> 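I have a structure I would like to understand better, so I am pasting it below and will then ask my questions one at a time.
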Amino acid sequence: QDATLDGTKIKFVRADATSELSSLFGDNRFDTVVDTFSLCVMGNEGAPMCLEELAKVVKRKGDGGRILLIENTRASNPILGMYQDATANAAADVGGRGC
C-alpha cells in the first residue's frame with residue numbers, strides 16, 4: 001500500500017525483519033533505519049538476526065548511516081529479569097505479546 005506525506009511518496013512493505021530486509025531493499029540502502037519495541041518480542045534468536053538485517057540495509061556510519069532503536073530493557077530486578085529471559089522465546093512464538 002502506498003501513501004503520500006507532504007508530497008513525499010511512502011511505500012509500506014510487510015516483511016520478516018529477521019531475514020528479508022536485505023533481499024528486498026539491498027545493502028547500504030537507507031540513511032536511517034528505525035526499529036521500535038520489536039526486538040524484545042523476537043526472542044533470543046530473532047533479535048540478533050534482525051539487528052544483522054538492519055545493519056545490512058543501512059548505509060555505513062562513515063556515510064551517515066544510523067540505526068535508531070527504542071526498546072524495552074531487561075528488568076534490573078533479578079526475579080523479573082529471569083522471568084523475561086525464560087519467557088522471551090515463548091512470547092515471540094505466540095506473536096510477542098508482553099515483552
Side-chain angles (χ1 to χ4, degrees):
Q1 184 178 31
D2 295 341
T4 303
L5 177 65
D6 294 331
T8 301
K9 291 181 183 178
I10 300 170
K11 181 177 183 179
F12 293 95
V13 177
R14 186 177 197 154
D16 182 340
T18 66
S19 63
E20 298 177 348
L21 300 181
S22 160
S23 62
L24 283 172
F25 302 112
D27 293 349
N28 303 311
R29 176 79 186 273
F30 299 105
D31 295 322
T32 304
V33 176
V34 179
D35 180 85
T36 58
F37 303 111
S38 69
L39 296 176
C40 65
V41 298
M42 291 185 186
N44 296 329
E45 293 178 18
M49 292 168 61
C50 177
L51 291 172
E52 288 175 14
E53 284 292 300
L54 296 179
K56 289 178 187 177
V57 298
V58 74
K59 292 178 181 175
R60 291 186 167 77
K61 185 177 180 180
D63 296 328
R66 301 181 308 164
I67 297 175
L68 304 178
L69 304 173
I70 300 173
E71 194 61 57
N72 293 323
T73 61
R74 185 178 185 278
S76 59
N77 177 302
I79 294 171
L80 289 176
M82 287 189 310
Y83 170 79
Q84 288 174 306
D85 293 342
T87 60
N89 286 328
D93 289 344
V94 295
R97 310 219 190 329
C99 32

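In this text, all values refer to a predicted model and were calculated from it rather than measured experimentally.
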> Please give me the minimum heavy-atom distance between Asp35 and Cys50, naming the atom from each residue.
OD1-SG, 4.3 Å

> Compare every heavy atom of Val33 with every heavy atom of Val58, then report the nearest pair and how far apart it is.
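The pair with the smallest heavy-atom distance is CB-CG2, 3.7 Å.
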
> Quick check for you: to the nearest 0.5 Å, what is the distance between Thr18 atom OG1 and Glu53 atom CD?
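Going from OG1 on Thr18 over to CD on Glu53, the span is 7.5 Å.
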
> Decide side-chain contact (heavy atoms from CB on, under 4.5 Å) for Leu51 and Leu69; before the verdict, give the C-alpha distance in whole Å, the side-chain angles of both, and the deciding distance to 0.1 Å.
CA-CA 10 Å; Leu51 291 172; Leu69 304 173; 4.1 Å; yes

> Got a second to check how far Leu21's CG is from Arg29's CZ, nearest 0.5 Å?
12.0 Å

> Transitively linked via ILVMFWY side-chain contacts under 4.5 Å: Ile67 with Leu24?
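Yes, same cluster.
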
> Drop me the distance from Ser23's OG to Lys56's NZ, to the nearest 0.5 angstrom.
8.5 Å

> Out of curiosity, Asn77 CG to Met82 CE, how far, rounded to the nearest 0.5 Å?
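It comes to 8.5 Å.
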
> To the closest 0.5 Å, what do you measure between CZ (Phe30) and CG (Leu54)?
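So the gap between those two atoms works out to 10.5 Å.
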
> What verdict does the side-chain contact (heavy atoms from CB on, under 4.5 Å) test give for Asp63 and Asn28, after you've listed the backbone C-alpha separation in whole Å, the side-chain angles of each residue and the deciding distance to 0.1 Å?
CA-CA 9 Å; Asp63 296 328; Asn28 303 311; over 6 Å; no

> List in chain and number order the residues that pass side chain to side chain donor-acceptor pair (under 3.5 Å) with Ser22, two or more places apart in sequence or in another chain; answer none if no residue qualifies.
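Checked Ser22 against side chain to side chain donor-acceptor pair (under 3.5 Å); matches are Asp27.
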
> I need the minimum non-hydrogen distance between Asp2 and Phe12, along with the two atoms involved.
OD1-N, 4.5 Å

> Is the count of non-hydrogen atoms from other residues, nucleotides or ligands lying under 6.0 Å from Ile10 atom CD1 greater than 12?
yes

> Hydrophobic cluster mates of Leu68, side-chain heavy atoms under 4.5 angstrom, ILVMFWY only, any path?
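Leu68 clusters with Val34.
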
> Taking all non-hydrogen atoms of both residues into account, name the closest pair between Ala17 and Met42 and its distance.
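Of all heavy-atom pairs spanning Ala17 and Met42, the closest is CB-CE, 4.2 Å.
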
> Nearest heavy-atom pair of Glu20 and Ala15: which atoms, and what distance?
OE1-CA, 3.3 Å

> How would you list all residue pairs meeting side-chain hydrogen bond (donor to acceptor under 3.5 Å, both in side chains) that involve residues 3-14, not counting sequence neighbours?
none

